[in-house]
Enquirer: 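One structure is given below, represented as structure tokens, and several questions about it will come after.
Letters A, B, ... mirror the listed sequences (proteins, then strands); counts begin at 1.
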Number of protein chains: 2
Amino acid sequence: MDTQVRDETGEGTPRWGERQTAVLEAALSLLVEGGERALTTAGLARRANCSKESIYKWFDDRDGLLAAMVAFQAGKVRAPSAGERPMGREAFRGNLVTFAHDLLDVLAGEVSLAMNRLAIGTASREDARLGRLVLERGRRLIGIRAGALIEAGRSQGFIAYENRDDAFRTLYGLIVQDMHVRLLLGETLGADERDFARRASKAVDRFMHLYGSDAARGQTEETEGN
Amino acid sequence: MDTQVRDETGEGTPRWGERQTAVLEAALSLLVEGGERALTTAGLARRANCSKESIYKWFDDRDGLLAAMVAFQAGKVRAPSAGERPMGREAFRGNLVTFAHDLLDVLAGEVSLAMNRLAIGTASREDARLGRLVLERGRRLIGIRAGALIEAGRSQGFIAYENRDDAFRTLYGLIVQDMHVRLLLGETLGADERDFARRASKAVDRFMHLYGSDAARGQTEETEGN
DNA sequence: GGAGAACCGTACCGTACGGTACGCAAATTT
DNA sequence: AAATTTGCGTACCGTACGGTACGGTTCTCC
């Protein structure tokens, strides 16, 4: 069992004990296998060989358990902040490709898909606490990491843009396309779509094509004319 | 027993009766307001001023109701197949922008979001019937429409590509970016992101930038060789 | 006007789930 | 060794939901 203790971003990570970690792992497996409907306290207790009472003692109630699962899973997906020091053009492109590949891997992962399905399925116009949590613990970190990378590339003169968030979102769209929602809806990817390395490379090519500031290619004008 | 109104004329609209339509409308409103948890048969009967028995008579069971809701909602979002006849370059671009704007409007619509949340929330690795249905009745039609439009543009020499599906997915990514999943998770768009007209225009600009094949820009050679 | 279908409202049933209580065994402490 | 803690397993409770049954009312058609 993976009993590593991880404390990062000292933002109140409760640092679960070994037993609790095992329970969370069991909960994730249950969720992956059967979706939200399969994640019942009784089922979890059976799967994890613990008592329902312990579950409620550790996580208060079902919402607490779900929140703990989100935090737990988010903590496992570590995001190395590559791209701090100065780098060459090719290294920059390589960092982008690595980011793209990692992103595709994460989003297509079964556990990530299950957690997103859970958060989305329980979300509504009013109540979207789990959704906020997923966005905060997952999406936001990705954006920060990519934002820093992009910013570094800009400061080095490899790319040019006006709005960093917009540039990031464009990169994101080029990488992910419509894959995420399709996977969330249960579709299986075609053979060509599963080649994440190729997709990452192509996406970065296109991104550089749009935002690259090398040749006489026009400087990504903003089409203010609308 | 099955001599009810439900005649599926091939792919055509199932043509529910007036009463059933009202019930489906009520079901959608219920779903939009409170998510899946709010969509109970008792609640629906109360909202629609009908009896539970009638609901089960018309839609068999809950799954039948959900399927009917998907078909019903998909039928309301009719996609005009614009772009058949020959058109000029500007008309082509205009069609693309219109498509992009429509797409953003649809995806950001409350009803669409609620239906997608429902389909995603009930999906899992094994069972994703609703998801399939949404993909088939919604996403697929969008792809067909856009595919035809793109193909028309290519045959007229405005754009060039090798793989139409890939070109469409790129266009999709440029338009939607990460907006859809973020909305599904309950996030509200920033002020700048809500300007769909501007976003559509920019997305099409970028798409033409990548795939445009006119003389002035130089034929963007796609870097398909990877 | 009468027979019959459609249908509303409500009561009802079985089940499944969230959450609690308790008995008992093993581990830990004193 | 006694006392305390921890936690497993099970039984239990209340509720809410899917689905069914039934009486009464309106509408339709002959």
Enquirer: Could you pull out all residues at least two apart from F207(B) that satisfy ring pair (Phe, Tyr, Trp, His ring centres under 6.0 Å)?
Expert: Y211(B)
Enquirer: Does the salt bridge (Lys or Arg N to Asp or Glu O under 4.0 Å) test come out yes or no for R93(A) and D205(A), once each step is laid out?
Expert: CA-CA 9 Å; R93(A) 187 187 175 283; D205(A) 282 343; 2.9 Å; yes
Enquirer: Just checking, is any N or O donor in the side chain of T41(A) or R62(A) under 3.5 Å from an acceptor N or O on the other one?
Expert: no
Enquirer: Testing the 3.5 Å rule here: is there a donor-acceptor pair between the side chains of R117(B) and S124(A)?
Expert: no
Enquirer: If only atom types and distance count, is the side chain of T21(A) paired as donor or acceptor with the main-chain N or O of G17(A) below 3.5 Å?
Expert: yes
Enquirer: Side-chain N or O of R19(B) versus OP1/OP2 of dC8(C): is the shortest distance under 4.0 Å?
Expert: yes
Enquirer: Take nucleotides 19-29 of chain C nucleotide by nucleotide from the 5' end and write B, S or -, depending on whether a protein heavy atom sits under 4.0 Å from the base, only from the sugar-phosphate, or from neither.
Expert: BBBB-------
Enquirer: Can you see if the side chain of R46(A) gets near the phosphate of dC8(D) - specifically, an N or O under 4.0 Å from OP1 or OP2?
Expert: no
Enquirer: Would you tabulate the pairs of protein nitrogen or oxygen atoms and nucleotide nitrogen or oxygen atoms of nucleotides 24-26 of chain D closer than 3.5 angstrom?
Expert:
none

Enquirer: Please tabulate, for the side chains in residues 64-75 of chain A, all donor-acceptor contacts under 3.5 angstrom to protein atoms that are two or more places apart in sequence or on a different chain.
Expert:
none

Enquirer: Can we say R182(B) and E193(B) salt-bridge, meaning some charged N sits less than 4.0 Å from an Asp/Glu carboxylate O?
Expert: yes
Enquirer: Considering residues at least two apart in sequence or located in another chain, which fulfil the ring pair (Phe, Tyr, Trp, His ring centres under 6.0 Å) criterion with Y56(B)?
Expert: none
Enquirer: In dot-bracket form, how is DNA chain D paired, counting a Watson-Crick or G-U wobble pair only if both its distances are under 3.5 Å and using | for bases paired to another strand?
Expert: ||||||||||||||||||||||||||||||
Enquirer: Between the side chain of S201(A) and the main-chain N/O of A197(A), is any donor-acceptor distance below 3.5 Å?
Expert: no
Enquirer: Can you see if the side chain of S54(B) gets near the phosphate of dC8(C) - specifically, an N or O under 4.0 Å from OP1 or OP2?
Expert: yes
Enquirer: So is R154(A) actually on top of Y161(A)'s ring, under 6.0 Å and inside 45° of the axis?
Expert: yes
Enquirer: Quick check for you: among dC8(D), dC17(D), dC7(C), whose closest atom lies nearest to any side-chain atom of W58(B)?
Expert: dC7(C)
